[in-house]
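These numbers come from a predicted model, not from an experiment. Here is how names work: the chains are called A, B, and so on, in the same order as the sequence lines, proteins then strands, and each is numbered from 1. Side chains included, hydrogens not; waters and symmetry mates left out as well; all remaining heavy atoms used.
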Amino acid sequence: MKNKEIAAHLDRIADALEIKGEIGFKVIAYRKAARVLADMTDDIENLAAEGRLQQIPGIGGGIARKIDEYLKTGEMKKYREALTGIPEGLLELLEIQGLGGKTIHLMHQELGIRDLEDLKRAVADGSLAGLRGMGEKRVENIRKGIESRERVRERVTIYEASLIADELIAYLKKTRLVSRVSAAGSLRRMKETVGDIDILATGKPGAEIIRRFTGFPGTLRVLAQGETKGSIVVRIEGAERQADLRIVAESEYGSALQYFTGSKAHNIKLRGMAKERGLKLSEYGVFRGDRKIAGREEEDVYEALDLPWMPPEMREDRGEIELAARNALPMILGAGDIRGDLHVHTRASDGSQEIPELVELARRLGYSYIAVCDHSQSVKYAGGLSPERLKRQMREIDAINQDLGDFRILKGTEVDILHDGTLDFPDEILRDLDFVVAAVHSGFKTNVTERMLRAMENPLVRVIAHPSGRLISGREGYDVDLDRVLKQATETGTALELNAYYDRLDLNEFYLKKAREAGIKISLGTDTHSAGGLQMMRFGVGIARRAWLEKSDVINSLSGEELAAKSRAAALSPSSRRRARPSRQGG
DNA sequence: GCCGTTTTCGGCCCGACTGTTTTCAGTCG
């Protein structure tokens, strides 16, 4: 698939045009086309072959021609043209806070600045200060921008951000001055990584709440402290992050929450719709002329635009607004649809809990089952179980299950997919289990695709765990062709895992969406190795919601008995999974 | 460059902040 490659080209063109001072709307058009392309699960080459490029929203005649040209020749004339006269290092400067295309263009023209090093020199030797429109403060801000770009990690994981946000919210509630408070931004949309932490609150007096906020014990620095807005820097896992608090009036809470939740693209489209209706939408409300017609609740804001409320996880301008307008939003997965955790480890391999503790924790979450899936023998570093130890564990589980009433422990394994694609346990053993998860744990560069495809041919394999193998905080993942894995999953009826551990979230939302469209079943498991690990399910559910998965797409919505039924053919065969798509209720 | 049950041309989201200006441009979210 060349979608991402072409999107990167279009983004590059936008960068270059921005610096060249091209009309802003043209830049916006390129950026929008790039975003739509990067999000799209259909293969751009297929659409091009069918002459349907212009049916993609945001792609018109001009960009369609450029995509065609690229697919045919491997080149885009416009790309070369746009980048002519623009040194590679100049584009990077757009990433510095406070620096935009206009200023970069001027610096390049007047001072011959070509990259970050040139810019640093110009700041140091005072030549930057000589530029028109450049005062002492702007130079200082640019200096700070360069510094913070080098110090701040791009984004932090959703889990790390949630910990701080939860702490901040609890801290604010304790003041008794705030009445309503919520996380907003990408945190509320449950993106896998988060930039800044945005918190919205109502309460009085604003200045006092902000003062308390900036006095948060974890504050490293206070960036701003006004009557309605405060900004602080906090430390998360060694990285510095900005956290913003905004105080709004009760009557504006809904529109402010809507606005600060985003995404930007979603908001832009909503505003366009408001305008078409002769309305104006801002963080202060929905207005007809000077009269405010909505703003107190998010539902009211959407209703004023003739739309149903939509879940924050869907607000990315990926078609959700159009569906909502037809009252055809899917009923996406809810936390309550998850009846159990399908991937947990115990002390038998590399977990830190005994089975009864895990049962207790799972019961507290309202689950009716867990699948114990410890590692298999060849995963030495994780204490993988030999066949004998696995059999002993199965007997132990049988014994515990006797006394559990309506709760059930599924006897499972996370069996290793070996270097030749065979499994680490023979079928005789796998056959006695309730739930077989297979996964790659070594040889990340060695025939991973072929090995996975082969493992999926075994009908005893129910799920492929963490199919991409990536770690969000920094591991590329296996050298694997996920499109072929998806195809094989469709053909064999194997489910794919959405590993809910915050650093994995694997499959990611892009491939989850593809899997959903192909009718592939998804299995959510936290892969927990510790007591708190079961709680990670909320991130898995968040990503599932971002991919628009519905209850019926997820095997965790089945009962323990249904899952333990040996024949996966009945419940999971490809033929029975062909999705009839009935019209849906909004929600 | 995209787009159209108001338009094939003339629009294109909105508001705040900052720093540099003397009425506004640039940047950000």
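Comparing B:dT21 with B:dG26, their P atoms are spaced 13 Å from each other, to the whole Å. Between B:dG4 and B:dT22, the distance separating the two C1' atoms is 41 Å to the nearest Å. Separating the P atom of B:dG11 from that of B:dT18 is a span of 32 Å, rounded to the nearest Å. Taking atom C1' on both B:dT8 and B:dC2, the two are 12 Å apart, rounded to the nearest angstrom. Between the C1' atoms of B:dC3 and B:dT7, the separation comes to 10 Å (whole Å). Rounded to whole Å, the separation between the C1' atoms of B:dT27 and B:dC13 comes to 16 Å. Separating the C1' atom of B:dT5 from that of B:dT20 is a span of 47 Å, rounded to the nearest Å.
B:dT8: no Watson-Crick or G-U partner with both key distances under 3.5 Å is found in any strand.
Using a distance-only test at 3.5 Å, with no hydrogens or angles considered, a donor-acceptor pair links the side chain of A:Asp118 to the main chain of A:Arg114. Within the 3.5 Å criterion, the main-chain N or O of A:Leu505 finds a donor-acceptor partner in the side chain of A:Arg470.
A:Asp300 is linked by a salt bridge (charged side-chain N to carboxylate O under 4.0 Å, His left out) to nothing, counting only residues two or more places apart in sequence or in another chain. Remark: A:Asp244 engages A:Arg246 in a salt bridge (charged side-chain N to carboxylate O under 4.0 Å, His left out) (not counting sequence neighbours). A:Phe216 is linked by a ring-ring contact (aromatic ring centres under 6.0 Å, His included) to A:Tyr171, counting only residues two or more places apart in sequence or in another chain.
Both A:Met134 and A:Asn267 lie near DNA chain B, and the one whose nearest nucleotide falls closer to the 5' end is A:Asn267. Each of A:Leu94 and A:Lys137 was assigned the nucleotide of DNA chain B with the nearest heavy atom; the assignment lying further toward the 5' end belongs to A:Lys137.
Less than 4.0 Å separates DNA chain B from at least one heavy atom of each of the following residues of residues 14-43 of chain A: A:Phe25, A:Lys26, A:Ala29, A:Tyr30. Of the residues in residues 69-83 of chain A, none lies under 4.0 Å from DNA chain B by heavy-atom distance. Residues from residues 98-108 of chain A lying near DNA chain B, meaning a heavy-atom separation below 4.0 Å, are A:Gly98, A:Leu99, A:Gly100, A:Gly101, A:Lys102, A:Thr103 in numerical order.
For DNA chain B, the outermost nucleotides in 5' to 3' order that have an atom under 4.0 Å from a heavy atom of chain A are B:dG1 to B:dG29.
The side-chain heavy atoms of A:Leu333 and A:Ile338, taken from C-beta on, include a pair separated by under 4.5 Å.
Residue contacts shown for A:Lys229 are absent, as no nucleic acid heavy atom lies under 4.0 Å away. Counting non-hydrogen atoms under 4.0 angstrom, A:Asn141 reaches the backbone sugars and phosphates but no base. Using a 4.0 Å heavy-atom distance criterion, A:Lys275 is classed as a sugar-phosphate-only contact. A:Ile268 comes within 4.0 angstrom of a base, heavy atoms only. Within 4.0 Å (heavy atoms only), A:Tyr284 reaches sugar-phosphate atoms of the nucleic acid but no base atom. Counting non-hydrogen atoms under 4.0 angstrom, A:Leu281 reaches the backbone sugars and phosphates but no base.
Side-chain contact, A:Gln97 with A:Asn141: no donor N or O sits under 3.5 Å from an acceptor N or O. No side-chain N or O of A:Glu160 forms a donor-acceptor pair with one of A:Tyr502 less than 3.5 Å apart.
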Show me the side-chain donor-acceptor pairs of residues 180-187 of chain A shorter than 3.5 Å, one per line, residues at least two apart or across chains.
unit_1	atom_1	unit_2	atom_2	d
A:Arg180	NH1	A:Glu297	OE2	3.1
A:Arg180	NH2	A:Glu297	OE1	3.0

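For B:dT7, the glycosidic angle deviates from 0 by 90° or less, giving a syn base.
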A:Glu140/A:Lys137 under salt bridge (charged side-chain N to carboxylate O under 4.0 Å, His left out): CA gap, chis, key distance, verdict: CA-CA 5 Å; A:Glu140 180 56 17; A:Lys137 288 185 176 172; over 6 Å; no
Test salt bridge (charged side-chain N to carboxylate O under 4.0 Å, His left out) applied to A:Lys513 and A:Glu509, step by step: CA-CA 6 Å; A:Lys513 193 170 164 216; A:Glu509 62 185 69; over 6 Å; no
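Residue pairs meeting the side chain to side chain donor-acceptor pair (under 3.5 Å) criterion with at least one partner in residues 19-44 of chain A, sequence neighbours excluded, are A:Asp11-A:Arg31, A:Asp15-A:Arg31, A:Glu18-A:Arg31, A:Arg35-A:Asp317, A:Asp39-A:Arg318, A:Thr41-A:Glu517. The list of side chain to side chain donor-acceptor pair (under 3.5 Å) pairs with a residue in residues 272-289 of chain A, not counting sequence neighbours, reads A:Arg277-A:Asp306. Every pair passing side chain to side chain donor-acceptor pair (under 3.5 Å) that includes a residue from residues 65-74 of chain A is listed here, sequence neighbours excluded: A:Glu5-A:Tyr70. Every pair passing salt bridge (Lys or Arg N to Asp or Glu O under 4.0 Å) that includes a residue from residues 163-179 of chain A is listed here, sequence neighbours excluded: A:Asp166-A:Arg538.
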